[in-house]
Amino acid sequence: MSVKRIGIFGSTGSIGTQALEVITTYPELFSASVLTAQNNHELLIKQALQFKPELVVIGDENKYTLVKEALASTNIKVMAGEIALEAAAGTDCYDMMLAAIVGYAGLKPTLKAIELAKPIALANKETLVVAGEIVMQMAVEKRIPIIPVDSEHSAIFQCLVGEGRNKIEEIILTASGGPFRGKKPNFLVNVKRDHALQHPNWSMGAKITIDSATLMNKGLEMIEAKWLFNLKPEQIKVVIHPQSIIHSMVMFEDGSIKAQMGLPDMKLPIQYALAFPQRLTNNFKRYDFRKPDTLTFEEPDLKTFRNLAIAIHALEKGGNLPCILNAANEIAVFAFLKNRIGFLDITEMVERTVNKIPFIEKPTLEELFISDGEARNYAASLVEM
Ligand code: NAD
Ligand code: MG
């Protein structure tokens with residue numbers, strides 16, 4: 001088997017660095033042939049010197065010279081800027097894209113990769129939240145697989161292997177509940193950035209960690225699941241499972257339920273997506289059923305974690321609403337991380353933006369780009385008030 005060249009878009013992040021660990025373990029299977037980062041030029045340079053990719057992209061153009069000079073003795077091509085990301089996605093320097101950029105910024109490079117019929121290992125859930133219908137349609141036309149990296153979706157994907165045309169009754173996405181499970185608004189109103197950044201089970205990038213604390217992450221994942229698995233909104237359920245051992249479940253039309261389980265470790269869904277349909281041997285820690293443990297399940301508290309309720313509304317209504325929701329949420333989370341707004345203001349900003357921006361039932365890609373911009377501007381104006 002020849003080495004699969006992975007283009008890691010977002011190589012300096014939580015998913016990107018864990019993907020590089022996987023690649024290090026299987027040099028006979030994978031190489032990292034494209035690496036991209038937004039700001040962290042030091043880590044990007046270090047990764048480039050270690051993995052010798054064909055191409056690196058630094059998003060922040062001011063850092064181009066620094067990266068170029070550091071890699072002057074190599075034959076690694078260096079590009080910079082937002083446009084360069086799409087340009088890099090449009091090269092023949094990789095066989096599969098690992099879409100590991102955070103947020104809306106991941107959409108355009110991923111679209112470019114699909115246009116060139118490159119298979120996608122998709123961590124960037126925002127891509128499907130913003131433009132799921134268009135992205136999946138393009139993938140079908142280009143006959144390329146979109147293999148989920150998000151642990152819940154990887155779980156469902158794994159449960160569906162071998163099921164052919166067997167009908168899904170519903171899927172059950174599990175959620176840890178985040179650091180504030182069981183808390184009420186009178187507690188949440190005082191929550192600060194550093195506390196919200198402490199997730200009980202997973203170590204992830206800042207944005208998704210806040211999304212997990214507000215439960216927006218699960219809302220985004222419901223929308224992601226709708227497009228990935230071609231489901232109706234009412235077929236997508238969420239259950240809080242604080243131990244994060246069951247990563248998600250599928251119930252089939254005969255009532256049989258399949259679950260995918262294991263200790264929480266993102267390297268597993270990453271390596272599964274890169275190597276699919278093969279499973280690879282590894283030495284990750286195993287879950288031990290002989291040790292006393294209790295797996296528990298409860299309903300999400302939609303009254304306290306209203307972000308999830310708003311996201312479910314966007315899932316049901318469709319059109320450009322998920323795109324608006326996502327844009328407002330990105331602005332709000334960023335403002336919260338900068339200590340500019342409180343924890344509950346995130347929901348307030350998302351709700352006001354979703355109610356403000358004009359609804360489009362069947363948006364084109366261009367219209368989605370416009371809705372994204374409008375939602376960002378409006379949400380940002382709320383921060384400044
Ligand atoms: P992160 O913040 O740790 O890393 C983000 C990466 O994207 C970095 O390499 C950064 O340089 C790059 N980036 C950030 N802004 C950019 C921009 N504007 N343009 C270009 N590049 C930019 O994020 P993460 O936790 O690794 O998450 C990446 C994606 O994977 C997100 O969409 C997240 O929802 C999804 N995801 C992450 C996890 C996890 O465990 N971390 C699990 C499931 C899904
Ligand atoms: Mg997830």
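Just follow the structure's listing: the first ligand is 1, and inside any ligand the first atom is 1. What you are looking at is a predicted structure, and each value in this text was computed from that prediction instead of being measured.
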* **Non-neighbouring partners of Thr17 that pass side-chain contact (heavy atoms from CB on, under 4.5 Å), sequence neighbours left out** => Leu43, Gln47

* For ligand 1, the residues whose heavy atoms come within less than 4.0 Å (ordered by chain, then number) ->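 For ligand 1, the residues that come within the 4.0 Å heavy-atom cutoff are Gly10, Ser11, Thr12, Gly13, Ser14, Ile15, Ala37, Gln38, Leu85, Ala100, Ile101, Val102, Ala105, Ala123, Asn124, Lys125, Glu126, Asp150, Met204, Gly205, Ile208, Met266.
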
* Asked: With sequence neighbours left out, what residues match Tyr272 under ring-ring contact (aromatic ring centres under 6.0 Å, His included)?
  ->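 Listed in chain order: Phe276.
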
* Is the distance between the ring centroids of Phe180 and His195 less than 6.0 Å? -> yes

* To do: Indicate the ring-plane relationship of His241 and Phe297, choosing parallel, tilted or perpendicular according to the 30° and 60° boundaries.
  =>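 His241 vs Phe297 ring planes: parallel.
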
* To do: Answer yes or no on whether Lys207 is positioned over the face of Phe334, meaning its NZ or CZ is under 6.0 Å from the six-membered ring centre and within 45° of the axis.
  => no

* Asked: How open is the angle at the Mg ion (ligand 2) from atom OE1 of Glu152 over to atom OE2 of Glu221, rounded to 10 degrees?
  ->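 Roughly 100°, rounded to 10°.
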
* Of the N, O or S atoms in Asp150, the one nearest the Mg ion (ligand 2) -> OD1

* Asked: Restricting to pairs with a member in residues 160-173, which pass side-chain hydrogen bond (donor to acceptor under 3.5 Å, both in side chains), not counting sequence neighbours?
  -> Glu163-Asn166, Glu163-Lys258, Glu170-Lys237

* To do: Give the intermediate values and the outcome of salt bridge (charged side-chain N to carboxylate O under 4.0 Å, His left out) for residues Asp301 and Lys184.
  => CA-CA 9 Å; Asp301 174 358; Lys184 295 291 170 199; 2.9 Å; yes

